[in-house]
Structures are given as structure tokens and as C-alpha cells.
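Working notes, structure below.
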4 protein chains.
Amino acid sequence: MNERSFIFDIIMHNKYDLILRAAEKIIATGGIQGLSMQQVATEAGVAAGTIYRYFKDKNELILELRKDVLSQVAGAILADHDLGTLEQRFKRIWMKMHNYGKQRTSTNLSYEQYAHLPESNTNEIRQLEMELFAPLQQLFEEGIKQGLIQPLNPRFLYAIAMEPSMAIARSIRRGLIEYNEKDITLACDICWQAILIPTTSTN
Amino acid sequence: MNERSFIFDIIMHNKYDLILRAAEKIIATGGIQGLSMQQVATEAGVAAGTIYRYFKDKNELILELRKDVLSQVAGAILADHDLGTLEQRFKRIWMKMHNYGKQRTSTNLSYEQYAHLPESNTNEIRQLEMELFAPLQQLFEEGIKQGLIQPLNPRFLYAIAMEPSMAIARSIRRGLIEYNEKDITLACDICWQAILIPTTSTN
Amino acid sequence: MNERSFIFDIIMHNKYDLILRAAEKIIATGGIQGLSMQQVATEAGVAAGTIYRYFKDKNELILELRKDVLSQVAGAILADHDLGTLEQRFKRIWMKMHNYGKQRTSTNLSYEQYAHLPESNTNEIRQLEMELFAPLQQLFEEGIKQGLIQPLNPRFLYAIAMEPSMAIARSIRRGLIEYNEKDITLACDICWQAILIPTTSTN
Amino acid sequence: MNERSFIFDIIMHNKYDLILRAAEKIIATGGIQGLSMQQVATEAGVAAGTIYRYFKDKNELILELRKDVLSQVAGAILADHDLGTLEQRFKRIWMKMHNYGKQRTSTNLSYEQYAHLPESNTNEIRQLEMELFAPLQQLFEEGIKQGLIQPLNPRFLYAIAMEPSMAIARSIRRGLIEYNEKDITLACDICWQAILIPTTSTN
DNA sequence: AATGAATGAGGATTCATTCAT
DNA sequence: GATGAATGAATCCTCATTCAT
């Protein structure tokens, strides 16, 4: 674990990332409480003191990691977010979010640790979150403008239509529900239908 | 902080509860990571050693607190859960959950800390959770039997119809959305409609 | 362990002894370091506070126990010390000491804990020790006066002739030597011969 | 206590030894029970945390100290153990043991604390003890083979002939006997004679 | 006299952070 | 820039002792 290959060094060419990834892995495994700087150093293959050349202190390390992880998650979920109809776009995001949330990767597991932290350091995080998830907000706003989606605060819409995606993923990841593709597709559709303005169908 | 009134002593007549409430308060404020036994002792107005007469160690204190808080939350949310039609019952629970989640009480704030912890100690907690929320599960199952609600795993239904209640409450509590009674009512209705089997209404 | 029979109460009629025996047992099992007042109380079937009605503090409890145990040991070893010839008397003591030291009784096991403590509280103990083992000293002095035993300080004689008895017992108790009656008898005889003035045998 | 001279640093050049010697001193003074890590740190002139860079925990510190002290003692006692006749060899060891045991050095005083501990950690210690004192055992075995020494288990022989050496030293160190060179020499000779097979001397 | 709940000082251990090399 | 030994405050927990009942 101390021998780093040449290729490895190119990919992870700077220690900043190395340290971030090490921290991410440890948090994914043992929770935020289980994060010690010495562990991070060992996992990253650097000396404890070196961390402090890249991060002011432990808080900053965690804050930067949160931002980094948030960016990764948003990037993964919102890839190709602008292709197709509104419905296609929504469902693509919903499914990506779901599939992402089901994973046992360090990134996803550590992400979930931050989500419900006591409310500290959060202004900077919130700001970033809003920026990163702007496309999703725009999607909702576009739907509202088109008279398709309920005229509610996008955060309401997110709560109603997107939170279930993550919640279901979590349950599956924890083994509380068996995975069943058909049900997932149904749930996705239900979430989409839910926020639509019901067409007083003259059909 | 050492002077406890007579009334206070009647309400909080035993130290077990006193300690539990102190821990709850501290967790609500500073998160689980910020919980030190010394703090709990000070907040509870007892000596550090006294805690150990009531709880084997810190883990047990936290576990018992989780169970206690879970019971409180379930009790508050499921009060009168069995009155009225399925729809009335669902909406009553939804609204109670929402109103509960909006509060800045220690109980609610600490509750949210546990909900997304790394997966430890969880067997006992899960078991209790299932027992406490059984009425909600029954409600879903009843709806399915009646051909009213989508035949999905109750956890799916919970994720789709109930998680939004908490998610919205959280956003309001955090000041990210302004409270608006009409929107809440609408959201509640949307969540209810969402899990119903659409009546291919020939109406 | 909480139910004490009537007979038991007569034998151990006072709590002083009850506490002493409890402490002895705990020390025998877990060493002096493993002695907590709470444990003593539980083992003795009394409240923690009660111990302090009989002993000023933990030090005094241990000191009194040492004195008590020393008396028991001396009593057991020196029973019938004055019957027979010098040789018979010596060998009886040697064998009793050996047999006593082989036991895994609380009394013996706790006794060995004290023997090599750092030198504190020892004046009182030494005084008692000298009193209790006076018969043994007299035996040596008598032998010297008769021109039978080497004219050495009785403590020398004790060290040469008696320490081996305990040392061998200890080794057997600890399973380092197998017990073999003939060898013990031989060792006892060797120890006796060792301190005799060699008779420039005209044989 | 923080200023360490240059010479001092050369002698005690590494903290491992520094800590070991500090622990040794404290045990010599106050017994094993009186050993706190804070005390060791203070005495050694290091921070409490530093100890844990060199020893996993208190148990390991004590274990390593026991091994270290045992080696020192064996080294001192068995120096030149193989020169001369059996008798010369025996008596040299006996006298060295005696002289060593008389000292009030930390090493000796702490050594005596371990010798009669409740039986824990002892496998490793026993193993080492056997290795270190092998020359003494060989001496006894050689004597037996030559038909000179009684054919007893070497541990018997040790108990009979060597324990007195330490016991007498202890009594002198504690001021219970006055030191008298002639008596010591006599005692040594008695111990040697004791384990010999008596020559049915036709003299 | 007896109780046992409560105390709080003290002990072992961890860990974020510093700094001489 | 990098190191990692050293620091010492902070943490969890124990336990001798007290005292109101």
C-alpha cells in the first residue's frame, strides 16, 4: 500500500487529491467520527504533517471533501441532463440518482454521511449545492412555465419527486428492499406523474 | 444550573431521564460527534460518574437515547392514526410528521442525526423502528388489499409518499423555503395521489 | 450468593470478618490491584458504605487483612510446634509450611501477594510477624544452645532451611514441578541437615 | 527536569530506555500499583502521549520492563558463570546473586515486585527466565551427572540452594539482619554442601 | 447501624497539531 | 516541500469515599 505505481502517480498526480481520496475512503468505511488525521496520512501514503500543507486543519479537510464529493455526485447525476423532453430529462436524472445512491462506493457512502450533519459550515456548502444542482432547478422551472408541472417552489418539487429516488436507493443498499427493476421504473414514473398538473382528462 | 426547582424535580424526577434529555439537547446542538460525557454531566447537573450508574457506557447512552427519541417521534406522529378513512389517516400522519419535522426541538433535531448514521448498532434500532411504525405499514397494506394503493413494497410507498413530508419540513426548518400552508396541503395531497392506483376514470 | 444461611451467619457472625474474607477471596483471584471496595462489598453482601464502619479506608482494610492472614498462616504452620525432638519439630513445621503453601486457598494465595510488597506499612506487620513466628525462632535458638545447629542469626537459618519449603510449594502450585512425595521428604531432610553443625563423624 | 545534558543524552540516547528506567524507578519506590503513566512521563521528562509511541499500552510497558529487568539481573548474576570448578561456579553465582539482591537500586527493587505477582502474562516471562537462567540449570545438571549433586529436579536444587541467597539479601537490605561477611560466606558454603550427595566419608 | 446513590479526582489513552530536521 | 516524533489537552471511564435517608 506504500508502493505507488507510475501510472497511479499520473492519475493522482497531486497530494491534495491523494489526501482527499484517502479521507473519503476512511469516512465511507468508518464514518466521520472514525476519521483521524493519522489514518488519512497512512492511507494517503504521506506524513501526517504533510496534510497541513494542503489543508489548514481537519475542519477544512472535511469541508473541502464535502465540496469535492458534492461536485462528483452532481456531475454523475446531471450528465447529459439536457437531452430530450422534460420527461426524459427528469427520468434520466431520477434513475442516475437512484443508481448512484445504490452503490457502495467511497464517494457515495461518504456523501451520505454529510447530508444530515448538524448545521455547521453549511453556507458555503449550500451555495455550492445550489450552483451544482441549478440544472435540476431549471428543469422544474421550465416545466412550471410550460404549465406541465405544479407551480410549487422547486425545493418542494425536489422533495416530492427526487428524495424518493435516494430513499429507495438507500433501502436497497442497506438490504431492506430487494432490487426489482420493474418496481423502480414504476416508482420513477409515479414520481414524475406526481408533480404534473393533472390534466382534467376529457378522454 | 445546580438549583433545580421543585416542579422541575417532579417533571424530571429521575436522573435517567435527566441524562437522556441532556444528551438529546447536546446532540441537537452540536451533533453526535460533539457529545462528551462531561458535557452531558454538566448539562444534566450531575457528576460525570453518575451517568455510569444509569448507562453502561457512552454507546449505551446513545443507543438508549435513539430508542427513546424514536419512540417519542413515533408516538407523536402516529397519535390517532386509526381514525377515519384511509385517506384521512394517511394525511393526518403526513401532516403530523411534517409539523413534527419542522420543529427545532431537541428531540427532533437529535432524531435527524441518527437517521443517517453509518450502519452500526442498527439491528436493535431497526427492530424497534419496525414495531413502532407498524401502523403505517398496515395502512399501506390495507390500501393495497383494497385495490386503492399501488401494490408496492411498503418501504417504496413510504419513500415515495412520506419522505417528502420530512424533506419539506427540513427545508422549512432550515429556512430554505418559506412556510405556506396551502402549498403544504397541496404537497400532502400530491403525495397521497401519487401512490394511488390511477382510476382510468371514464368520468 | 446473597442468601446466607443461619449456620453461615453464626460462623461469620460479624461483618468485620465477612468483609475480611471477601477481600481475601478477591485478592486471591485478581491480585491486590484488582481489589475494589465495591467488589468487596458485593462479595461480602454488604453495602459499600458499611465497609467504612469497620475500616477507616482501603489501606486499613488491606493492613488488617494482612495481619489476619498472617495469623492464620502462622497458626496453621505452628500447630503442635512443641511436640517431640528438635528434628521432629523442625520437620513438622517444614512440612506444614510446604503443604500450606501448595494450597490454592484464598488465604494462601492472598498471603503470597503481600509477602513481597513495596515496603510500606511494614513496621506493624513486622512486629506481628516476629511475635507469631517466635516459636520458630525459639526452636532455632534452642538448637544453637544445644550445639546442634549452626550459630547463625535465626533469620539466616530461616532463609536457609525454611524458604526452600515455600519456594518448592510455590513451584508445585504453579505446575512447574510435579509433586513427588519422596523428593519432598528428601528436600525436607536436606534442609534440616543443612543447618546442623557437621559432626566430624568418627564413623 | 526538561533540561537534559549532552552526556545524559548519550547515555540515555533513546526514549525507549528513558521511559523504561523511569517506570523502573517508580515501581521501585511505590510498587506496581503506584505506577501511573503520567508519573512515568513526568519522571522520564516526556509527554504522556510519547510513551504510546514506544509501548502499546501500560501492560506492554510493564511486560517489557519485566523482561528488561530480568535480563539485567541474569546478566549481572551469571557473568563469568563458566569459569572454574563446579563449586567455584556455584559460589560465584550465589555471591553475585546475594550482592545484587542487597542493593537498593531501582532495578533490584523493581525486580522483587515482579517475582511474586499473580500469575498473568507469565508465559512469555517464564520462557525468558528459563532461557536466561539456563547456565544455572546446566550447572546443576552437570553436578548431577558427575554424581556430585543430589539427583533432584533443578528447581528443587534452586529452591534449596539459591533462594536462601536472595532471602538473606532481602533481610539485610531491609535492615533486619546486620551484614557480616563471615556469616554470608558460611551461608553460601552451607547452601553448597546442602545439595551435595553426602560422601559416606571414611575419613 | 446500614444503605447505596452520588461524587469528582485521577487514570489510561487518543489524536489534532506543531516544528526541528 | 516533506517528514514524523513529540506534544498535551481532551476524552472515556473507574473507584475510594461521603452522606442523606
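In what follows, chains are A, B, ... by sequence order, proteins preceding strands, each numbered from 1. All of these numbers come straight from a predicted model, not from anything done at the bench.
A:T50 comes within contact range of at least one nucleobase, with a heavy-atom separation under 4.0 Å. Backbone-only contact: C:Y54 has heavy atoms under 4.0 Å from sugar-phosphate atoms and none from a base. Within 4.0 Å of D:L61, counting heavy atoms only, lies no atom of the nucleic acid at all. Backbone-only contact: D:L35 has heavy atoms under 4.0 Å from sugar-phosphate atoms and none from a base.
With 3.5 Å as the limit, one finds a donor-acceptor pair spanning the side chains of C:Q72 and C:D68.
Picking from F:dC12, E:dA2, E:dT7 the nucleotide with the shortest atom distance to the side chain of C:R53 gives E:dA2. Distances from the side chain of D:Y52 to the nucleotides E:dT13, E:dT18, F:dT11 place E:dT13 closest. Taking every side-chain heavy atom of C:D57 into account, F:dT17 is the closest of E:dT13, F:dT17, E:dT18. Considering only side-chain atoms of C:K15, the nucleotide from F:dC13, E:dA2, F:dA2 that sits closest is E:dA2.
Across C:R21, C:K25, C:Q38, a single residue satisfies side-chain hydrogen bond (donor to acceptor under 3.5 Å, both in side chains) together with C:E43, and that is C:K25.
Remark: E:dT21 base-pairs with F:dA2; criterion is Watson-Crick or G-U wobble with both hydrogen-bond distances under 3.5 Å.
Phosphate proximity of E:dT13 to D:K58: absent, as no side-chain N or O sits under 4.0 Å from OP1 or OP2.
With rounding to whole Å, B:M37 atom CE is found 14 Å from E:dT7 atom P.
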